[in-house]
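A short write-up of the structure that comes next.
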Amino acid sequence: MISFCHEKDEISFYQESQLKQGHTIYELQKRGKTESVYSTDEVALWQLNLLNGCIHVSGSEESDSCTMQRSGGIVGNSGQPWVLRRVRLTWLSFMLFFILVFFPLIAHYYLTTIDEAGGPDKRIFGPRPGGELCEAKHVQDLCRIRESVSEELLQLEAKRQELNGEIARLNLRIEACKRSIDSAKQDLLQLKNVISQTEHSYKELMAQNQPKLSLPVRLLPDKDDPGYPPPKSVQNCRLHTCFDYARCPLTSGFPVYVYDTGSYPWGGKLDPLVKQAFASSIKSSVYVTDNPNIACLYIVLVGEIHESPSSPPASPLDLEKQLKALPYWRLDGHNHLLVHLSRKSLTQNFLYNVSTGRAAVAQSTFFENQFREGFDMVVSPLVHALSEPNFLEVPPQVPVKRKYLFTFQGEKVESLRSSLLEAPPQSFEEEMEGDPPADYDDRIIGTLKAVQDSHLDQVLVEFTCKNQPKLSLPTEWALCGEREDRLEVLNVSTFALVISPGDVQLVASAGCSMRLFEALEVGAIPVVLGDHSKLPYHHLIRWSEAVIMVPKPRITELHFLLRSISDNDLLAMRRQGRFLWETYFSTSESIFSTILASVRTSIQIPAAPIREEPAQEIPHKAGKLAGTDANMADNGDLDLGPVEVEPPYASPRFLRNFTYTAADVYRTWNRAPGPFHLFPHTPLDPVLPSEAKFLGSGTGFRPIGGGSGGSGKEFQAALGGNVPREQFTVVMLTYEREEVLMNSLERLNGLPYLNKVVVVWNSPKPPSDDLLWPDIGLPIVVVHTEKNSLNNRFLPWDAVETEAILSIDDDAHLRHDEIMFGFRVWREARDRIVGFPGRFHAWDVNHQSWLYNSNYSCELSMVLTGAAFFHKYYAYLYSYVMPQAIRDMVDEYINCEDIAMNFLVSHITRKPPIKVTSRWTFRCPGCPQALSHDDSHFHERHKCINFFVKVYGYMPLLYTQFRVDSVLFKTRLPHDKTKCFKFI
């Protein structure tokens with residue numbers, strides 16, 4: 001017999017449906033043993049006993065209590081069998097509900113109480129002390145099972161962590177292998193592209209009809225070169241007869257040797273100021289050499305002689321002997337230039353009647369029988385010997401019309417009295433019928449006085465000096481008063497009359513040159529009366545763009561002529577005169593450089609290459625490969641570049657070295673910045689006609705569809721346009737915003753036609769050592785700067801090898817399609833700024849000045865260089881040609897560098913910038929504070945604009961009322977055609 005008391009949780013009941021069928025098998029499972037099978041009535045009785053807490057399963061005898069209960073049940077059952085069955089089922093249902101609902105709750109509460117009593121450091125199923133819970137034997141067995149399972153779980157957890165670590169290591173190796181594979185694929189693709197481009201270039205070279213030339217071998221001249229036989233007459237000297245070209249090869253670099261003023265006898269008699277200004281100019285010249293054996297040109301300073309009663313000037317014969325005694329004169333003085341710089345209106349022409357052999361003469365005063373056209377040169381007087389002109393004191397170029405229509409102050413003693421006593425002038429018809437006057441100066445005096453007395457216009461003419469007039473040559477009009485007094489009158493004059501000497505044999509004089517340059521300095525348009533005068537560098541400078549030349553017989557029509565000139569032409573002439581004065585005549589250095597440039601241009605030697613800023617690269621390490629943001633590069637189903645990605649390709653350099661001196665002389669001399677620098681490339685180079693690229697001149701061209709054109713797909717596969725293939729360089733200025741910078745660099749990944757990225761590190765602190773730079777598949781050059789200056793953005797870094805520069809702020813957000821569209825637009829307008837954020841200059845009526853405005857407007861005049869394309873040519877001009885005062889103000893305010901660049905480009909081209917697309921610079925949210933967020937930012941920009949206007953003398957900015965969108969923008973297309981850009 002096996003007896004169990006009060007152990008209901010270890011007894012299993014089977015389904016109630018088996019009881020209703022009349023036979024049910026009850027298995028009592030105690031440690032895996034089955035005891036007996038009972039009938040239906042016995043099972044029901046056993047259930048009732050179970051409710052009383054006692055079960056007796058026996059084959060022989062029963063306990064008394066159990067027996068009594070069974071007997072009572074039987075008796076009751078015999079009386080009411082169906083009631084008993086109903087009661088049994090009710091109690092059975094109740095017990096099942098109790099067991100299934102309350103027992104789990106009680107067990108959960110019991111285990112939770114035990115766990116809390118054990119302390120917070122013990123888990124529910126963790127190991128516990130043996131005497132705490134396992135008071136009963138079966139509970140101890142469960143505890144042992146739980147401890148065993150817990151240990152197994154801990155072992156499995158440790159194994160799982162070990163496997164996870166191994167999986168992580170394998171994943172890292174897989175990622176490394178993937179990167180290696182991607183890098184190898186990229187290298188393979190680049191090699192394929194290089195091979196393809198090389199094959200294409202080879203085919204182009206084979207097809208073109210212009211072979212590549214190597215530089216000619218330079219032949220050094222013989223030290224004891226005896227020279228050529230002298231010409232029959234000194235007056236017959238020209239460059240081809242009196243200049244030895246063998247000493248000046250095209251690739252020589254134009255070395256110039258300057259004689260020391262102490263090496264010849266009259267050197268001690270030179271004007272001290274002239275000597276000092278000349279010496280300082282020599283030091284700054286890149287052409288001057290100390291080796292006379294390789295020199296192309298030899299310069300001798302011969303004047304101005306300091307007048308002294310104790311030391312009279314040498315006679316012509318003695319001067320000839322002294323010239324021939326120069327160590328490198330070589331019998332005839334070939335390749336020598338005798339320079340005479342004047343500081344006075346009456347200058348000594350002591351080279352008159354002196355045989356200079358084959359040496360050229362450069363001075364301000366020439367007589368006709370002395371001047372050798374095409375060999376000698378008329379130079380400007382030395383107005384500013386040592387002092388630099390103050391550009392801020394120069395009067396503005398507007399208003400166009402000033403107080404006086406024209407002015408003249410001068411005195412001509414030998415003809416003044418007869419002119420004043422002469423009768424009123426005849427009419428023009430009477431003058432044409434009669435004999436021409438012997439001296440037109442007398443007619444000029446009478447006519448100008450008549451215009452002044454008519455009061456039709458306010459003019460100022462004075463033919464008698466209030467003070468003693470300056471000394472002058474015979475028949476030349478003497479200057480009146482001091483220079484400051486003359487400039488004060490010219491400041492309020494629209495035109496300034498310059499009357500050439502009455503002696504037609506005097507083709508150039510220092511007095512007339514001083515009148516000319518004083519007028520140019522203050523913006524009075526010179527009117528030269530007399531067409532026989534030769535102005536300085538007349539063979540190179542197109543004086544008709546800045547000076548009005550009127551023959552003396554037209555003096556009676558002068559008033560009508562001056563009144564007929566429009567304001568547009570007046571301002572153009574005034575601006576050109578300002579350019580000529582600043583570039584060629586304003587300082588002693590510019591005068592000396594102009595003399596050398598004139599000789600160099602005449603013998604067709606190009607200028608020295610302009611200096612590039614060496615980039616001091618900061619070492620940095622690249623990190624992971626940068627991804628491509630789909631939002632930055634999305635263009636629908638079209639690629640933004642060719643299928644074969646081109647490797648970095650530098651723009652060709654110095655292709656027009658000798659063109660500037662052979663075919664482009666007048667534009668070089670009469671347009672900024674002048675002839676003093678040789679640029680690697682300019683935006684003004686001529687463009688080939690469309691058919692040339694298919695008929696022998698197609699090197700580098702990538703026509704769309706091979707020349708047949710096309711829509712979006714063909715358009716994106718080639719650059720097309722009117723110029724050969726090229727790429728652009730991103731120049732990004734940054735200051736201690738490393739995270740912002742890294743994000744901006746990552747956004748450039750996958751950008752077509754990008755050559756490299758130049759990061760201008762404007763902070764004195766270097767980048768962090770642990771900073772990982774993104775790998776965008778192209779070089780990233782980090783440039784160290786000497787100081788924190790916004791001007792560093794526009795330095796012509798030698799690391800920039802392309803003509804196109806995309807200047808972009810480190811916090812600017814631009815899509816790839818926007819950048820590509822801007823690049824394509826710039827290729828068609830290379831001389832202008834092409835970009836995204838537009839601004840304009842507004843007139844302040846109350847203060848009569850200019851304001852910087854960023855409000856919405858239908859006009860704009862500036863495109864900010866925080867996101868804009870421009871030509872590298874303008875970086876040279878900004879850094880080395882633009883007035884230093886502008887760069888100083890940018891450094892003072894740490895502002896306005898973008899305005900300065902817009903001023904410069906508009907001043908050079910006289911064109912407004914171009915804005916592309918409707919979007920503009922998007923600033924990144926959460927970036928550190930930018931300079932433009934300061935309240936004083938706009939006030940400083942107001943000041944900058946007005947200051948720049950003073951420096952330039954006028955407002956160079958021009959308005960534009962349109963922006964540029966792609967050709968097929970908003971155009972309905974057939975289903976088989978695609979647009980050029982998805983969103984532009």
Side-chain angles (χ1 to χ4, degrees), residues 156-199 617-649 713 716-717 727-730 732 734 737-759 767-782 799 806 808 810 813-820 924 926 982:
L156 291 175
E157 177 66 20
K159 187 66 175 178
R160 187 185 67 83
Q161 292 180 357
E162 182 181 354
L163 292 176
N164 286 338
E166 185 66 21
I167 292 173
R169 288 191 295 271
L170 292 176
N171 287 333
L172 291 178
R173 293 183 60 184
I174 292 173
E175 291 296 329
C177 292
K178 288 182 178 180
R179 286 196 299 268
S180 300
I181 293 173
D182 293 339
S183 178
K185 289 182 179 179
Q186 188 70 20
D187 294 341
L188 180 60
L189 181 60
Q190 291 181 358
L191 289 176
K192 290 182 178 179
N193 293 335
V194 170
I195 294 173
S196 176
Q197 294 299 325
T198 303
E199 291 177 350
E617 188 172 355
I618 301 176
H620 61 281
K621 52 186 177 180
K624 63 179 181 179
L625 289 172
T628 301
D629 188 353
N631 296 325
M632 301 298 294
D634 183 23
N635 194 39
D637 298 331
L638 298 177
D639 295 326
L640 289 172
V643 177
E644 294 183 356
V645 180
E646 295 184 346
Y649 172 76
K713 183 177 181 180
Q716 295 295 347
Q727 297 176 343
F728 64 92
T729 302
V730 168
M732 187 177 296
T734 186
R737 299 199 293 186
E738 294 181 349
E739 182 179 357
V740 176
L741 175 64
M742 296 303 107
N743 293 334
S744 297
L745 292 176
E746 287 187 4
R747 288 192 293 270
L748 299 177
N749 185 39
L751 183 60
Y753 303 110
L754 178 60
N755 181 270
K756 69 174 63 170
V757 180
V758 176
V759 177
S768 303
D769 295 335
D770 56 348
L771 183 62
L772 293 179
W773 296 70
D775 184 3
I776 62 175
L778 292 169
I780 297 179
V781 180
V782 185
L806 172 57
I808 189 169
D810 58 359
H813 286 214
L814 288 175
R815 297 169 57 95
H816 286 189
D817 56 347
E818 292 176 317
I819 296 176
M820 289 311 306
C924 59
K982 182 179 180 180

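Positions are given from 1, in the same order as the sequence printed here.
- Considering all non-hydrogen atoms of both residues, Arg737 and Asp810 come closest at NH2-OD1, 2.5 Å.
- At least one donor-acceptor pair closer than 3.5 Å links the side chain of Gln727 to the backbone N or O of Pro647.
- Remark: side-chain polar atoms of Asn755 are paired, donor with acceptor, to backbone N or O of Tyr649 under 3.5 angstrom.
- Counting non-hydrogen atoms of neighbouring residues, nucleotides and ligands closer than 6.0 angstrom, the CG atom of Asp769 reaches no more than 12 such neighbours.
- Distance check, rounded to the nearest 0.5 Å: CG of Leu745 to CD1 of Ile780 gives 4.5 Å.
- In this structure, Arg173 places its CZ atom where only 12 or fewer heavy-atom neighbours from other residues, nucleotides or ligands lie under 6.0 Å away.
- More than 12 non-hydrogen atoms from other residues, nucleotides or ligands lie less than 6.0 angstrom from CD of Glu738.
- Side chain of His620 to backbone of Pro767: no donor-acceptor contact under 3.5 angstrom is found.
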Legend entry - Candidate pair Tyr753 and Ile819, rule side-chain contact (heavy atoms from CB on, under 4.5 Å), full reasoning: CA-CA 10 Å; Tyr753 303 110; Ile819 296 176; over 6 Å; no
Legend entry - Pair Ile808-Met732, side-chain contact (heavy atoms from CB on, under 4.5 Å): steps then yes or no: CA-CA 5 Å; Ile808 189 169; Met732 187 177 296; 3.8 Å; yes
Inset, instruction - Start with the C-alpha gap between Gln161 and Glu157, add the side-chain angles, then the distance that decides, and say whether side-chain contact (heavy atoms from CB on, under 4.5 Å) holds. - result: CA-CA 6 Å; Gln161 292 180 357; Glu157 177 66 20; 3.2 Å; yes
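- One distance of note links CE of Met820 with CG of Leu814; it measures 13.0 Å at 0.5 Å rounding.
- If you take CG on Leu188 and CD1 on Ile181, they are separated by 12.5 Å, rounding to the nearest 0.5 Å.
- Contact between Pro774 and Met742 at its shortest, heavy atoms only, is CD-SD, 3.6 Å.
- A donor-acceptor pair under 3.5 Å is absent between the side-chain atoms of Lys982 and the main chain of Asp817, judged by distance alone.
- Going from atom CZ of Arg169 over to atom CD1 of Ile174 covers 13.0 Å, rounded to the nearest 0.5 Å.
- Ser183 places no side-chain N or O within donor-acceptor distance of the main-chain N or O of Arg179, the cut-off being under 3.5 Å.
- Closest non-hydrogen pair, Leu754 versus Leu778, comes out as O-CD1, 3.1 Å.
- The distance from the CD atom of Glu175 to the CG atom of Leu170 is 12.0 Å, given to the nearest 0.5 Å.
- A distance of 10.5 Å separates NZ in Lys185 from NZ in Lys178, rounded to the nearest 0.5 Å.
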Inset, instruction - Could you go through the side-chain contact (heavy atoms from CB on, under 4.5 Å) check for Lys621 and Leu772 one step at a time? - result: CA-CA 6 Å; Lys621 52 186 177 180; Leu772 293 179; 4.0 Å; yes
